[in-house]
Amino acid sequence: MSQVSPTSVGYTMARERESARISWQHAFGVAATCKDVEFVSIEDESGVSKDHVIHSVGQHISISRLDDNSMKLLTAECQEVREITAFCVAPSKRTVAVSEMWKVMCKSPSRSGCALQGRCSADRPAEDGPRARNEFILIDRSTDSHGSYLSLYHLSSGHRLHAPTPTGYVFIDKIAFLQEGKRVVGIGRTDLSDCTQSLTVWNLETGTNEAAASISSTLSCAAGFLPNPRKQCILTSGLEHVKLWELADNSLRMQALLPPTVETGAHFVAQKLARLSASLYSQSLPKRDCAVDALSHSCVHTPCHLLLLNVRAQQTGSCRWEIHSHSAHDRTTTPAPCVLVLRRIKQLPYFEMHLRLPVQVPHSVSLMCLAVHSHGFCVAGTCGYIAIFERQDDIKCPYIQQYSCCVDLSRTPGESPLTWINLAVNSNSDTLLAFADNHTLHSFPLTEFPVLGADRCLGDLFTPLLSQGFGHFGPIYSMDAALHRPLIATCGADNTIRLFNYKRRKCEILHRYQSASENGSAKGIAVHPFGFHVLIAFEERLCLYSILFKSLKFLHHIVIKCCQVTYANGGHRFACASGVNVVVFSTVSMLPLQTFTGHLLHVRCVVWADDDFSVFAVSDDGQVCGWDFVTSGRIDTPPPC
């Protein structure tokens with residue numbers, strides 16, 4: 001059974017003479033491989049800046065507008081892009097760098113199995129640069145190995161500004177821009193089974209590798225950048241690792257930020273820069289650094305705190321570490337998760353330890369992410385836990401925990417709580433964006449939490465984005481669309497049936513079933529052309545449901561082993577693939593009408609002809625067979641389209 005990405009995408013097809021044009025319209029869900037999500041303000045046609053959310057969808061980058069839920073996809077021109085592993089927005093908020101996983105490319109056209117594919121055409125805009133014109137890439141189709149490449153897109157136009165830059169790595173964990181916006185630094189791996197990672201700086205304009213350094217014994221690293229225009233500095237954090245790197249003379253020089261006693265046994269899962277006001281910043285500086293002139297204060301010494309989210313980690317095997325949740329029995333011997341606050345200084349390494357801010361978390365909760373806003377910062381983790389810290393005018397303790405709770409957004413009984421894996425805040429610091437482990441995005445108004453009372457929970461303010469509901473947690477097995485109603489029905493490996501309205505751009509119905517009670521998991525689904533009934537093919541039986549306003553109602557079932565089902569265009573019949581046979585049923589009586597044989601292996605796909613007088617099926621060996629309902633004869637050659 002072939003599996004597709006856990007993302008349902010709507011298409012619009014327009015007839016142009018004898019050809020068809022397919023354009024992307026909307027995506028339901030977020031890809032699971034890339035966990036990056038960012039807020040950015042983009043001007044519309046009238047010149048007004050609007051908040052947009054950038055996230056990955058399959059092999060593409062999606063830019064979603066929050067006020068009207070519209071979406072634009074930055075589609076990759078090369079069909080060899082497998083997935084998006086990381087992306088980052090430039091400091092100017094005009095371009096986005098994307099790490100794309102491709103098939104490995106060969107360097108010589110003499111190698112067997114290579115195809116020549118054009119990357120850029122002559123009708124590119126002027127800002128595409130000299131490397132983007134008349135450039136071709138050789139793709140090796142004879143291997144299943146992968147390679148990562150960096151692409152640069154313009155956010156407003158969606159055009160690729162440069163030809164993809166080869167990274168030399170199999171997988172890129174994290175990328176980020178340097179302060180000037182011309183270089184990108186990333187953390188990559190040449191072997192997925194190896195713990196060793198490499199920190200590399202690429203110049204996107206020239207497509208060259210400027211500097212590289214090895215980072216060992218760190219499973220997860222995040223690259224951040226310090227706002228220092230005079231020196232390009234890079235910050236990496238991970239398992240027992242917090243280092244500052246200076247880019248100078250095409251080399252990276254490492255500086256330790258924390259003493260070894262603080263790094264030992266710690267896992268720094270997130271790090272952010274929190275900018276301060278000038279008055280509070282001057283009060284928090286040591287006496288030796290209080291004399292700061294206007295030029296150095298605005299350039300070299302940007303008022304800011306460096307926040308490091310520190311949790312406890314334990315090793316479970318070779319190259320495998322997991323974040324340890326703090327239960328009740330080890331709270332006395334193990335320090336609670338905390339946020340390390342480092343303040344800015346003049347000398348290297350530009351930051352020094354200021355204080356350790358503990359985070360009060362419930363039992364069995366692990367912190368995963370951190371986000372900074374203008375009034376403080378937020379932390380989040382497992383069990384839907386989220387905490388909000390506010391800045392205060394206290395030199396010894398500049399932050400205080402104001403509110404925390406475990407958000408319960410489950411829609412069905414018995415559903416496991418969410419885990420927040422990434423947070424983002426918009427430029428106005430009034431909206432918090434939370435990315436959950438079930439491929440959903442939720443927004444929360446930060447301006448509302450100060451007025452929360454005892455009768456109001458923090459979870460009441462979370463609003464789902466994009467699909468207005470939950471996406472599939474796992475592969476999608478089958479998908480079908482109604483002809484006369486804007487409905488898309490999907491079934492997946494997470495034992496759920498979901499119905500999406502692609503006009504309203506939301507998930508309207510979520511039906512969860514137990515695999516044991518339903519005689520197996522759902523492998524096929526078909527929606528009636530009128531959009532009021534849906535057939536679900538389980539492993540042991542075929543079930544008919546009525547589509548209600550907010551739920552599905554069971555009507556009838558047929559005991560048959562079925563892996564694929566499809567309605568006729570008129571809706572009066574439906575055909576299901578049962579082993580090597582194709583069985584046709586009546587929609588009204590639910591009785592079998594005809595059984596067609598001829599395949600030697602299992603049938604995987606069934607398609608009706610436009611006039612509903614014949615049906616065609618494809619088996620595992622690629623054989624195509626057709627049958628005519630009038631003559632009951634076999635059609636060996638399908639009619640031309």
### Presence of salt bridge, Asp36 and Lys174, under 4.0 angstrom
yes
### Query
Just by modelled atom types, is the Ala424 backbone N or O under 3.5 Å from a matching donor or acceptor in the Asn422 side chain?
no
### Query
Side chains of Arg160 and Ser151: do they bring a donor and an acceptor to under 3.5 Å?
yes
### Query
Just by modelled atom types, is the Lys503 backbone N or O under 3.5 Å from a matching donor or acceptor in the Asn501 side chain?
yes
### Summary
Taking every heavy atom of Leu446 against every heavy atom of Ser429, the minimum-distance pair comes out as CD1-O, 3.8 Å
### Query
Is any side-chain heavy atom of Leu308 less than 4.5 Å from a side-chain heavy atom of Leu370?
no
### Message
Can you see whether Thr200 engages Tyr169 through a side-chain donor-acceptor pair at a distance of less than 3.5 angstrom?
### Response
yes
### Message
Using modelled atom types and a 3.5 Å cut-off, is there a donor and acceptor pairing between side-chain atoms of Thr167 and backbone atoms of Ser148?
### Response
yes
### Query
What is the distance from atom CD1 of Ile84 to atom SG of Cys34, rounded to the nearest 0.5 Å?
7.5 Å
### Query
What distance do Leu257 atom CG and Phe268 atom CZ have between them, rounded to the nearest 0.5 Å?
9.5 Å
### Message
For Ser374, is there any backbone N or O sitting under 3.5 Å from a side-chain donor or acceptor partner on Arg391?
### Response
yes
### Query
Considering only heavy atoms from C-beta outward, does the side chain of Val379 approach that of Leu309 to under 4.5 Å?
yes
### Thr431 vs Ser443, side-chain hydrogen bond (donor to acceptor under 3.5 Å, both in side chains): CA-CA, chis, key distance, verdict
CA-CA 7 Å; Thr431 303; Ser443 64; over 6 Å; no
### Message
Do Thr236 and Trp245 pair up side chain to side chain, a donor and an acceptor below 3.5 Å, judged on atom types alone?
### Response
yes
### Query
If only atom types and distance count, is the side chain of His373 paired as donor or acceptor with the main-chain N or O of His375 below 3.5 Å?
yes
### Glu210 and Asn203 side chains, donor-acceptor separation under 3.5 Å
yes
### Query
Looking at side-chain heavy atoms only, is the closest gap between Tyr385 and Met368 below 4.5 Å?
no
### Message
Are Phe389 and Tyr399 an aromatic pair, judged by ring center distance below 6.0 Å?
### Response
no
### Query
Under 4.5 Å between any side-chain heavy atoms of Leu252 and Leu247, yes or no?
yes
### Query
So how far is it from Ser99 OG to Trp202 CH2, rounded to the nearest 0.5 Å?
7.5 Å
### Query
Is a side-chain N or O of His154 found less than 3.5 angstrom from the main chain of Ser156, in a donor-acceptor match?
yes
### Query
Say you draw a straight line from CG of Leu235 to CD of Gln271; how long is it, rounded to the nearest 0.5 Å?
4.5 Å
### Query
From Glu352 CD over to Ile345 CD1, what is the distance, rounded to the nearest 0.5 angstrom?
4.5 Å
### Distance, nearest 0.5 Å, that separates OG of Ser56 from CG of Leu74
11.5 Å
